[in-house]
Amino acid sequence: MVTKEDVAHIATIADIGVDDSELELFTGQFNAILEYFGVLDSVEGGADAVHSRTNVFREDLVKPSLLNDEVLMNAQDPEDGFIRAPRVI
Amino acid sequence: MTVIIGLEIHCQLNTKTKLFCGCSTDYRDDGPNTHVCPVCLGLPGTLPVTNKQAVIYALRVAKALHCEVPAFSEFARKNYFYPDLPKAFQITQYDKPLALGGYIEIEAEGGGEKRIELTRIHMEEDPGRLVHKGSGDRGRYTLVDYNRSGVPLIEIVTEPQLSSPKEARRFLNKLRATLEYLGIYDSEREGSLRVDANISIKGYERVEVKNITSYKGVEKALTFEITRQKGMIRRNAQIVRETRHYQEARGVTTSARSKEMEHDYRYFPEPDLAPLEVSSWVEEIALPELPDARRDRFMQQYGISQNHARTLTGDLKLAEFFEEVTSGMPEIAAPWTADILLGELNYRDMPVTKVPNLHYRALLEEVKKGSVTDTSAVEVLRLILNQVMEGQAPEMPGVIIARLGLSKEEGESFVEVVASVLKENEAAVADHRSGKAGAINFLVGQVMKATRGRADPKEIARIIGDLLKD
Ligand SMILES: [Zn+2]
């Protein structure tokens, strides 16, 4: 069970402002999502499928990267090729 | 007050591509965000795939440092919100790291070896680079470059067994040399080796110092932090468990704001990556000759002292250089390279790879023949190094010696110079006659100065003794 306190804590870490009514709403939504996982848990052997393979590798070969224009396509207000973010310190 | 230090060292592996995508890691001369793709940008619908070479490099380090490689290891997500991570999590390893245990031996205080044990080595991806801009509260913003994001790192964690900043420096020198010998990292790349340190005084809380971006800054950062903690204990102030940042420019550590300390990373196994079962690879990994083995070989093969051998093998390029120039005269090449050349290089911040072998070797031959004094030879060496630094073609030592008239002359030709020095320094002569030990050195020094170092100091001392006999 996710509690209102859990949601408030995560919101603080993520620096997202959440008011009381939203807290109520999100807590309900989180718990609804977790119920789906309960369904998955009930499938026999279901969880093991994730890690049935080990040692999947690629060789150390260079592939073309994106063009700077493409990288910045979704960025708001880029500057000299950089992505611009709100101040963090 | 006993000092306890543990280190966490991040080392970039010099693979051609990033840890989980094919973006090239060679972005040094390129603009920001030019070496990124949907995978390292964490765009929806992409899947990371592990770079095999990075795993092999990490295992090479694990083997060289005597670690145990468990049968099973896996990647984990470390969740945190910061713009250096486009995915809002870093792919790292948590409770199932690639390697456990291991050790490095360093020179102990007062001789012998001291074994520093390792806790673990794990693999992870490097975050992006942030550039903080603007000033004041309103104008500030951050620029983000994801070229570095996804470059493979290993994190090497030591047990808290280092007891002084000096030991920490020795440990890092040894580790750096070993990583270089293994050919898995590029020491000339800025930020390729980064250090965090845990520091405490026995019986008190521990402080983590982050952001030591150059391994050279470690000794300074540790010394500052230890002094700070000891000062607090003396004043009966409480040392709190906290994270502090090292401010390289000012040489101090400052407290990180409490929000950044909120460690709630919610680790869980990375579902997009297959776990690793690579312990059987370790046997097949061939290791090159490592610093300790090379040091012992140098002592045996060239008959040089342990100290010289240790210094010369403490850096791969230096060791290679020494082996190229030493043939037939290690008794001259070892002290010249370890004591004199290295000092001149450090003074100029010049890499040993820039020293012209041919010229250096020719200079050592002049020293061996006795055609110049040590003082003159140092002068010649400085000139050659300066010429290289200024981008000129260096002159051969023989040419310089002839041009500057530095040829060592026989002692007897200096008798007149000695005589005039004795005349000008009657007080020192009197001191010498009355048995003052330092006086003779002073007089020899004056003669050396007058002859611009062309005389052999031993010979001069003998002549002075002769002249003052009667
Ligand atoms: Zn990429």
Side-chain angles (χ1 to χ4, degrees), chain A residues 1-3 5-18 26 30 33-34 36-37 40-41 43 46-89, chain B residues 15-17 20-27 31-38 40-41 43 49-56 72 74 79-84 86 88 128 130-134 137 139-147 257 259-260 262 264 266 269 271 273-278:
Chain A
M1 266 294 275
V2 173
T3 63
E5 287 70 38
D6 293 331
V7 178
H9 178 60
I10 300 289
T12 310
I13 293 173
D15 209 6
I16 297 171
V18 179
F26 293 151
F30 269 123
I33 292 167
L34 284 175
Y36 295 127
F37 285 96
L40 287 177
D41 276 346
V43 179
D48 290 342
V50 178
H51 282 169
S52 59
R53 290 184 71 192
T54 60
N55 289 359
V56 178
F57 297 110
R58 60 178 184 84
E59 297 303 317
D60 188 21
L61 297 171
V62 175
K63 285 192 176 165
S65 299
L66 295 171
L67 297 171
N68 187 251
D69 288 347
E70 297 173 311
V71 176
L72 300 179
M73 221 180 257
N74 291 326
Q76 275 179 25
D77 202 14
E79 184 174 311
D80 300 329
F82 287 95
I83 292 163
R84 211 178 141 119
R87 71 189 181 106
V88 284
I89 53 168
Chain B
T15 51
K16 292 188 187 69
T17 66
F20 301 117
C21 66
C23 287
S24 163
T25 54
D26 187 14
Y27 49 77
N33 297 308
T34 52
H35 290 245
V36 291
C37 72
C40 55
L41 280 176
L43 298 185
V49 185
T50 309
N51 182 343
K52 189 175 183 179
Q53 191 63 46
V55 177
I56 291 172
F72 184 92
E74 69 184 5
N79 298 279
Y80 67 91
F81 301 96
Y82 204 63
D84 62 358
L130 302 181
V131 183
H132 302 295
K133 298 284 252 188
D137 256 9
R140 266 186 274 165
Y141 59 100
T142 297
L143 295 179
V144 193
D145 172 15
Y146 288 123
N147 281 349
R257 292 189 315 174
K259 188 173 181 303
E260 287 172 56
E262 200 148 9
D264 190 356
R266 289 156 292 128
L273 285 165
L276 307 174
E277 287 182 309
V278 291

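Within every chain, numbering begins at 1; the chains are lettered A, B, ... in the order of the sequence lines, protein sequences first and strands thereafter.
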Handout entry: Separation of A:F57 CZ from B:L276 CG (nearest 0.5 Å)
Key = 5.0 Å
Problem - Side-chain donor or acceptor of A:N68 paired with backbone N/O of B:P32 under 3.5 Å - result: yes
Handout entry: Contacting moiety of B:C21, where chain A heavy atoms sit under 4.5 Å
Key = backbone
Practice task
Would you give the length of the straight line joining atom CG of A:L61 to atom OG1 of B:T15, rounded to the nearest 0.5 angstrom?
Solution key: 11.5 Å
Practice task
Walk me through it: do A:I83 and B:Y146 pass the test side chain to side chain contact (heavy atoms under 4.5 Å, CB included)?
Solution key: CA-CA 9 Å; A:I83 292 163; B:Y146 288 123; 3.7 Å; yes
Practice task
Mind checking the CD-CG spacing from B:E277 to A:N55? Nearest 0.5 Å is all I need.
Solution key: 6.0 Å
Exercise for the section: Please look at B:F20 and chain A and tell me whether the side chain, the backbone, both or neither of the residue comes under 4.5 angstrom of a heavy atom of that chain. Expected result: backbone
Problem - pair A:L66-B:P38: side-chain heavy atoms closer than 4.5 Å - result: yes
Completion exercise
To the nearest 0.5 Å, atom CZ of B:R266 lies from atom CD1 of A:I10 at 4.0 Å
Exercise for the section: Carefully, step by step, assess B:Q53 and A:E59 under the rule side chain to side chain contact (heavy atoms under 4.5 Å, CB included). Expected result: CA-CA 7 Å; B:Q53 191 63 46; A:E59 297 303 317; over 6 Å; no
Practice task
Report yes or no: do B:T17 and A:D60 form a side-chain donor-acceptor pair below 3.5 Å?
Solution key: yes
Exercise for the section: Against chain A, work out which of B:V36, B:D26, B:L41, B:T25 has the most heavy-atom pairs shorter than 4.5 Å and name it. Expected result: B:V36
Practice task
Please say whether more than 12 non-hydrogen atoms of neighbouring residues, nucleotides or ligands are located less than 6.0 Å from CG in A:N74.
Solution key: no
Handout entry: Nearest heavy-atom neighbours spanning A:S65 and B:C23
Key = OG-SG, 3.2 Å
Fill in the blank from the handout: Honestly, the part of A:D80 sitting under 4.5 Å from a heavy atom of chain B is backbone
Fill in the blank from the handout: All heavy atoms of B:N33 vs all of A:F82, minimum pair found to be ND2-CA, 3.5 Å
Exercise for the section: Look only at the side chain of A:R58 and the backbone of B:T50, and say whether a donor-acceptor pair between them is shorter than 3.5 Å. Expected result: no
Handout entry: B:L143 and A:R84, any side-chain heavy atoms less than 4.5 Å apart
Key = yes
Fill in the blank from the handout: Rounded to the nearest 0.5 Å, the NZ atom of A:K63 sits from the NZ atom of B:K16 at a distance of 15.0 Å
